[in-house]
Amino acid sequence: MVVLDSTIVNIALPSAQHDLGITDGNRQWVVTAYALAFGGLLLFGGRIADLWGRKRAFVIGLIGFAVASALGGVATSGAMMFGARALQGVFGALLAPAALSLLAVMFTDAKERAKAFGIYGAIAGGGGAVGFILGGVLTEYLDWRWTFFVNIPFAIVAATGAFLVIREPEGGRNRSPLDIPGVILSTLGLVSLVYGFTHAASTSWGDTVTVSLFVASAVLLLAFVVTEAKVKAPLLPLRVVTDRNRGGVYLSLGLAIIAMFGTFLFLTYYLQVVKGFSPIQTGFAFLPMVAGMITGSTQIGARLMTRVAPRLLMGPGFLTAAVGMFLLARLEVTSAYASLVLPAMVMLGLGMGTAFMPAMSLATQGVQPRDAGVASAMVNTSQQVGGAIGTALLNTIAASATAAYIKDHIATATTVPQQRLVQLQGMVHGYSNAIWFAVGMLVVAAGVVFTLVNAGRPGGSTVASGGGAEKTEGAEDEVAVPVVAH
């Protein structure tokens with residue numbers, strides 16, 4: 001539900017905008033309202049899951065998300081739609097970390113954990129692409145409102161399963177009092193950061209509001225770190241993020257998501273605007289990447305996760321994805337889907353799926369069960385921020401390159417068809433420039449893995465690093481949290 005919702009609404013946005021009379025200036029809030037609430041409240045949601053119990057938080061998050069989706073489906077105005085999307089984000093911030101930490105504390109056997117997270121990782125990684133397909137089908141054959149209503153049956157099935165199946169282990173709650181200053185500072189800091197990148201995408205990096213948001217975010221998050229170091233029961237215990245391996249996982253995943261999110265956007269526009277694909281055709285065009293993710297997660301990552309050190313899967317996985325991205329950087333107006341886009345998508349999916357699996361296992365290695373919720377929220381937070389950065393940064397790079405190309409070549413186009421061709425070539429040139437940047441991000445993510453991640457395979461020893469071998473904290477009893485590609 002959460003991952004699907006990040007893309008399914010995008011396909012329906014033009015139709016919803018027309019029916020609800022939303023202006024071009026305000027339409028971004030259909031996406032931004034969700035992103036701000038979700039990204040800003042993730043840490044708080046993870047802490048609530050640790051406090052209330054993960055099963056209870058999971059069910060409440062499901063019900064709330066379904067109600068908010070119903071409100072979005074029956075929206076009669078732009079304001080009602082924005083409110084429903086913000087409410088979806090609020091309950092999504094409770095639902096996502098509760099679901100991830102439930103898997104972390106319930107699957108303790110290494111092989112079962114690898115199998116469970118392989119399946120979950122494949123669904124989570126491919127959910128965004130599936131959203132394109134489902135969004136296209138629902139919008140084209142039914143109505144855009146069904147992109148919201150479709151969440152309701154999912155929630156009913158999941159809540160029923162939670163009541164009947166989930167048996168949360170005892171003694172895993174964190175009953176410490178809430179760190180209210182930490183909640184306020186982290187929420188405001190993350191909201192400022194996410195909105196800063198979102199605002200930059202629609203205005204400019206030098207815009208006064210953009211700069212102010214970044215400055216406010218830096219001050220608030222610095223104050224948050226200082227507060228967490230001093231209070232007795234912090235919202236985010238600093239030990240969760242300062243561990244070498246966990247820090248490497250959070251950073252590398254954030255970098256990889258920066259690369260992926262911008263590429264999703266560019267490929268969607270390339271296939272629809274340049275190649276003339278319909279929304280449904282575009283959705284199905286993403287299927288090879290989903291297949292690659294499923295294969296990488298369940299057949300490569302899950303099978304090898306208990307046999308080799310995590311960095312020997314994560315590093316090569318990110319580099320394989322970088323090769324797929326390198327192929328996409330060679331896009332031209334006349335490029336054929338079968339000979340260029342298809343193999344690139346397969347490699348991108350295989351690489352990401354393979355890298356996600358060990359990252360899931362390592363994300364909360366050695367974290368006590370009472371901190372599992374907030375640790376899983378950190379995984380989501382790193383990716384939510386990465387998604388915001390990727391969309392804004394790569395968009396800006398693409399737009400600048402496109403504008404420069406058209407300015408240099410439009411004078412030679414004397415007819416309308418020639419001018420149209422220059423515009424399309426400019427778009428593809430911009431996408432290519434931005435995708436080169438994404439290639440660099442994936443290579444840097446692999447470098448972070450090889451530099452920081454030194455944990456051995458579960459039950460084994462650590463991998464020696466430049467600083468010498470270190471004991472793997474909780475190698476036998478580590479808790480794993482799956483990753484959601486947002």
Side-chain angles (χ1 to χ4, degrees), residues 3-18 27 30-31 125-144 146-147 150 259-294 321 324-350 352 387 390-391 394-395 398-399 401-402 405-406 416-435 438 485:
V3 183
L4 193 74
D5 217 67
S6 65
T7 53
I8 192 172
V9 174
N10 290 349
I11 298 292
L13 183 54
S15 300
Q17 179 185 355
H18 178 268
R27 67 182 175 187
V30 176
V31 176
V130 173
F132 286 118
I133 302 173
L134 194 56
V137 171
L138 293 174
T139 303
E140 194 157 323
Y141 293 114
L142 290 174
D143 187 82
W144 65 264
W146 281 97
T147 60
V150 73
M260 278 188 69
F261 256 64
T263 307
F264 279 168
L265 189 66
F266 299 144
L267 274 178
T268 302
Y269 277 96
Y270 175 78
L271 292 172
Q272 289 194 31
V273 177
V274 179
K275 306 304 288 185
F277 283 30
S278 69
I280 294 177
Q281 288 176 316
T282 302
F284 278 102
F286 275 94
L287 276 183
M289 185 172 65
V290 178
M293 283 185 173
I294 292 173
M325 203 71 83
F326 168 78
L327 293 177
L328 287 177
R330 299 170 60 233
L331 277 178
E332 296 178 358
V333 173
T334 56
S335 296
Y337 173 82
S339 61
L340 181 63
V341 179
L342 176 61
M345 280 190 167
V346 170
M347 293 199 72
L348 187 59
L350 273 175
M352 286 299 190
T391 302
L394 297 189
N395 245 344
T402 295
Y405 183 94
I406 292 176
V416 173
Q418 288 176 337
Q419 291 172 351
R420 174 62 177 163
L421 179 60
V422 168
Q423 289 174 338
L424 291 177
Q425 289 172 335
M427 286 176 62
V428 177
H429 177 74
Y431 299 160
S432 179
N433 273 262
I435 291 172

| Can you name the residues that form a side-chain hydrogen bond (donor to acceptor under 3.5 Å, both in side chains) with Gln418, not counting sequence neighbours? |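 side-chain hydrogen bond (donor to acceptor under 3.5 Å, both in side chains) list for Gln418, sorted by chain: Thr414, Thr415.
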| Got a sec, which residues hit side-chain hydrogen bond (donor to acceptor under 3.5 Å, both in side chains) with Gln425, two or more places apart in sequence or on another chain? |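 If we apply the side-chain hydrogen bond (donor to acceptor under 3.5 Å, both in side chains) test to Gln425, skipping adjacent residues, the hits are Tyr405.
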| Who pairs with Leu142 by side-chain contact (heavy atoms from CB on, under 4.5 Å), at least two apart in sequence or on another chain? |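 For Leu142, the residues satisfying side-chain contact (heavy atoms from CB on, under 4.5 Å) (neighbours in sequence not counted) are Leu138, Trp146.
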| request: For Ala401, enumerate each residue passing the side-chain contact (heavy atoms from CB on, under 4.5 Å) test, keeping only those at least two apart in sequence or located in another chain. | output: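 For Ala401, the residues satisfying side-chain contact (heavy atoms from CB on, under 4.5 Å) (neighbours in sequence not counted) are His429, Asn433.
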[X] [atom1] to [Y] [atom2] distance, which is reported to the nearest 0.5 Å:
X: Met260; Y: Leu267; atom1: CE; atom2: CG; answer: 10.5 Å
X: Leu424; Y: Thr334; atom1: CG; atom2: OG1; answer: 11.5 Å
X: Tyr337; Y: Met345; atom1: OH; atom2: CE; answer: 5.5 Å
X: Ile294; Y: Met289; atom1: CD1; atom2: CE; answer: 11.0 Å
X: Leu340; Y: Glu332; atom1: CG; atom2: CD; answer: 8.5 Å

Looking at every non-hydrogen atom in both residues, tell me the closest pair between [X] and [Y] and how far apart they are.
X: Met347; Y: Gly324; answer: CB-CA, 3.9 Å
X: Pro343; Y: Leu327; answer: C-CD1, 4.4 Å
X: Val341; Y: Tyr270; answer: CG2-CE2, 4.4 Å
X: Pro288; Y: Val346; answer: CB-CG2, 3.9 Å
X: Met325; Y: Ile435; answer: O-CG2, 3.3 Å
X: Thr402; Y: Gly430; answer: OG1-CA, 3.4 Å

| ring-ring contact (aromatic ring centres under 6.0 Å, His included) against Phe326, all qualifying residues, sequence neighbours excluded |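 Trp436.
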| Mind checking what makes ring-ring contact (aromatic ring centres under 6.0 Å, His included) contact with Tyr431, not counting sequence neighbours? |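 Counting only residues at least two positions away or on another chain, Tyr431 forms a ring-ring contact (aromatic ring centres under 6.0 Å, His included) with Phe266.
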| message | Can you confirm whether more than 12 heavy atoms, excluding those of Phe284, are under 6.0 Å from its CZ atom? | response |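 At most 12 heavy atoms, drawn from other residues, nucleotides or ligands, come within 6.0 Å of this atom.
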| Short side-chain to backbone donor-acceptor contact, Ser432 and Arg330, under 3.5 Å |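 Such a contact is absent between Ser432 side chain and Arg330 backbone.
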| said: Check whether Ser335 reaches the backbone of Leu331 with its side chain - one donor and one acceptor, N or O, closer than 3.5 Å. | reply: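 Checked: no pair found.
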